[in-house]
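For reference, the structure is listed below as structure tokens.
Note that the coordinates shown come from a computational prediction; the quantities given were computed from them, not determined experimentally. For ligands, and for the atoms within them, numbers begin at 1 and follow the listed sequence.
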Amino acid sequence: MAPEETGFSAPRGTRDLLPPASSAWQKVIRYAQDSFSKAGYQPVETPAFEQTEVFARGVGATSEVVTKQMYTFTDQGGRSLTLRPEATASVVRAVLENNLHRGALPVKLAYFGWMYRQERPQKGRYRQFFQLGIEALGASAATVDAEVIEVADRFYKGLGLKTILKLNSIGHPGESCRGSYNDALVAYLREHEASLAEEDRARIATNPLRTFDSKESSTIAVMSEAPVITDHLCSDCAEHFVTIRSALDAVGIEYELDPRLVRGLDYYTRTAFEFVAGDLGAQNAVGGGGRYDGLAEVLGGPPVPGIGFALGLDRIMLALGDIALEPAVTAYVVALGDEAIREAFPLATRLRRAGIGCEFDLMGRQMKGQMKDAVRSGARFAVIIGEAELEAGEATVKDLATGEQERVALDRLEEWLGA
Ligand code: HAM
């Protein structure tokens with residue numbers, strides 16, 4: 001129905017997922033669940049909304065996600081709640097609340113769910129979007145970083161999606177590392193302040209690293225000559241980074257070093273990475289992640305190192321285009337005559353109970369219409385029952401791909417179709 005008929009349409013930046021795209025979507029989610037679990041990541045479900053502070057503090061006060069994009073509301077009890085703009089802060093909150101960090105480590109969790117950000121909608125950017133993610137908590141070894149990247153890499157490759165992995169280390173916040181880099185960066189930015197876009201000038205004091213994310217051409221030009229973090233890493237962070245790279249090299253995972261990759265969320269420490277897909281236009285990041293060793297403390301817990309990623313399913317589906325789907329049903333009961341029409345529902349039920357996908361006519365169609373609907377259903381076989389068949393205790397089974405048909409005893413149908 002056109003919106004003018006009802007007056008309603010899906011809210012700006014949201015979409016309905018309709019068949020057959022919805023089935024393709026489910027297929028990719030099942031594949032993600034399977035490939036993440038192959039590395040031992042178990043599903044976790046957290047609420048779609050949290051206390052606003054979880055994100056305000058967790059994701060960080062200088063990130064655009066928090067300053068511009070959150071769906072925040074006050075509930076009937078006067079509490080400030082926010083629809084989750086991402087799940088990492090939620091997962092860390094859940095781990096701390098349920099004391100998983102005091103159990104077997106690392107805690108390895110996977111999530112598959114809708115996220116909400118009030119961004120300007122465009123191709124590949126929505127206000128409700130779906131992420132596939134994993135988080136590993138409680139381990140700081142570089143091997144965990146490599147494992148997390150391996151999980152994403154194997155998932156994309158298994159889907160046949162070509163991506164480029166961009167990799168960086170943004171160090172840790174201490175004076176010996178990002179602190180000293182920040183001083184060098186701020187000095188450089190002050191020197192070139194006049195050439196920066198106005199919005200970016202304000203960031204010099206609050207979060208100078210974020211200027212690397214600017215979309216303003218004047219700022220981009222300045223940043224191309226700016227000092228880079230990788231020249232300022234402390235020896236521990238530098239060694240951590242080298243170890244990740246050799247672990248990735250050892251398993252043949254290719255990456256591009258990108259010393260200007262800083263990512264948009266405040267919690268990152270050390271490793272930051274992003275997967276981009278070739279022909280998606282401006283919104284070409286199909287996934288991203290990194291380490292967040294300080295996040296648990298920011299949320300009031302003890303130090304618990306962590307690393308993870310989230311992959312954007314909306315963009316992955318755009319990049320994949322049409323994907324092949326197996327039909328859900330195997331058989332379609334075509335019924336002719338009153339008695340056979342009464343038999344169609346019990347017969348379809350019998351086949352379904354035996355695990356054979358089956359549909360039948362629900363619209364009172366004639367033979368020709370039913371045969372057409374059988375083709376629409378994707379069924380391989382039409383199970384035709386008319387007066388003559390019922391009398392003989394048989395059905396005419398027609399292979400819709402080859403046109404061949406044969407009589408099969410009704411009580412042997414499960415065996416014939418299921419084999
Ligand atoms: P993020 O980079 O903000 O990271 O989002 C991850 C992915 O979600 C993006 O690469 C993109 O594919 C998809 N995405 C983000 N915003 C939108 C949008 N408005 N519309 C469509 N797709 C979108 C995070 O969310 C971190 N929590 C990832 C992480 C997990 N870091 C550590 N652990």
Where's the contact between [X] and ligand 1, heavy-atom distance under 4.0 Å: side chain, backbone, both or neither?
X: Tyr267; answer: side chain
X: Gln283; answer: neither
X: Val286; answer: backbone
X: Glu119; answer: side chain
X: Tyr268; answer: side chain
X: Arg127; answer: neither

What residue and atom, counting heavy atoms only, is the protein's closest point to [atom], and at what distance?
atom: atom 7 (C) of ligand 1; answer: Ala310 O, 3.6 Å
atom: atom 12 (O) of ligand 1; answer: Ala285 O, 2.8 Å
atom: atom 21 (C) of ligand 1; answer: Gly124 O, 3.3 Å
atom: atom 32 (C) of ligand 1; answer: Gly308 O, 3.3 Å
atom: atom 13 (C) of ligand 1; answer: Gly312 CA, 3.6 Å
atom: atom 1 (P) of ligand 1; answer: Arg263 NH2, 3.6 Å
atom: atom 24 (C) of ligand 1; answer: Leu265 CD1, 3.6 Å

Q) Does the ring-ring contact (aromatic ring centres under 6.0 Å, His included) test come out yes or no for Phe275 and Phe309, once each step is laid out? A) CA-CA 10 Å; Phe275 288 87; Phe309 66 62; 7.5 Å; no
Please tell me whether [X] and [Y] have a donor and an acceptor in their side chains that are separated by less than 3.5 angstrom.
X: Glu86; Y: Tyr267; value: yes
X: Thr88; Y: Glu135; value: yes
X: Asp145; Y: Thr271; value: yes
X: Tyr332; Y: Glu359; value: no
X: Asn168; Y: Tyr255; value: no
X: Gln51; Y: Arg79; value: no
X: Arg30; Y: Gln33; value: no
X: Glu225; Y: Tyr188; value: no
X: Asn182; Y: His232; value: no

Q. Counting only N and O atoms by type, is there a donor-acceptor contact under 3.5 Å from the side chain of Thr82 to the main-chain atoms of Arg84?
A.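 A pair under 3.5 Å: no.
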Does the N or O separation between [X] and ligand 1 drop below 3.5 Å for any pair?
X: Ile307; result: no
X: Tyr111; result: no
X: Tyr126; result: yes
X: Tyr292; result: no
X: Gln131; result: yes

Atoms of ligand 1, numbered as shown, that sit under 4.0 Å from any heavy atom of [X]:
X: Thr88; result: 26 (C), 27 (N), 29 (C), 30 (C), 31 (N), 32 (C), 33 (N)
X: Glu135; result: 30 (C), 32 (C), 33 (N)
X: Glu86; result: 25 (O), 26 (C), 27 (N)
X: Arg125; result: 19 (N), 20 (N)

Q) Do you know which of Phe155, Tyr31, Tyr41 makes ring pair (Phe, Tyr, Trp, His ring centres under 6.0 Å) with Phe36? A)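 The residue from Phe155, Tyr31, Tyr41 that satisfies ring pair (Phe, Tyr, Trp, His ring centres under 6.0 Å) with Phe36 turns out to be Phe155.
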Q) So, does Gly287 sit close enough to ligand 1 that a heavy atom of it is under 4.0 Å from the ligand? A)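 Gly287 counts as a contact of ligand 1 under the 4.0 Å cut-off.
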Q.
I'd like to know if Gly290 contacts ligand 1, where contact means a heavy-atom distance under 4.0 Å to any ligand atom.
A.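 The answer is yes, since Gly290 has a heavy atom less than 4.0 Å from ligand 1.
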Q) Does NZ or CZ of Arg15 fall inside the cone over Tyr126's six-membered ring, less than 6.0 Å from its centre and within 45° of the axis? A)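 Verdict for Tyr126: a cation-pi partner in Arg15.
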Q: Answer whether the closest heavy-atom distance between the side chains of Glu256 and Leu165 falls below 4.5 Å.
A: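 Counting from C-beta outward, Glu256 and Leu165 never come under 4.5 Å.
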Q: Could you check if a side-chain atom of Leu248 sits within less than 4.5 angstrom of a side-chain atom of Leu167, using non-hydrogen atoms only?
A: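 Counting from C-beta outward, Leu248 and Leu167 do come under 4.5 Å.
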**Q.** Best match, Phe309, Phe130, Phe129, Phe275: closest heavy atom to atom 15 (C) of ligand 1
**A.**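 Closest candidate by heavy-atom distance is Phe129.
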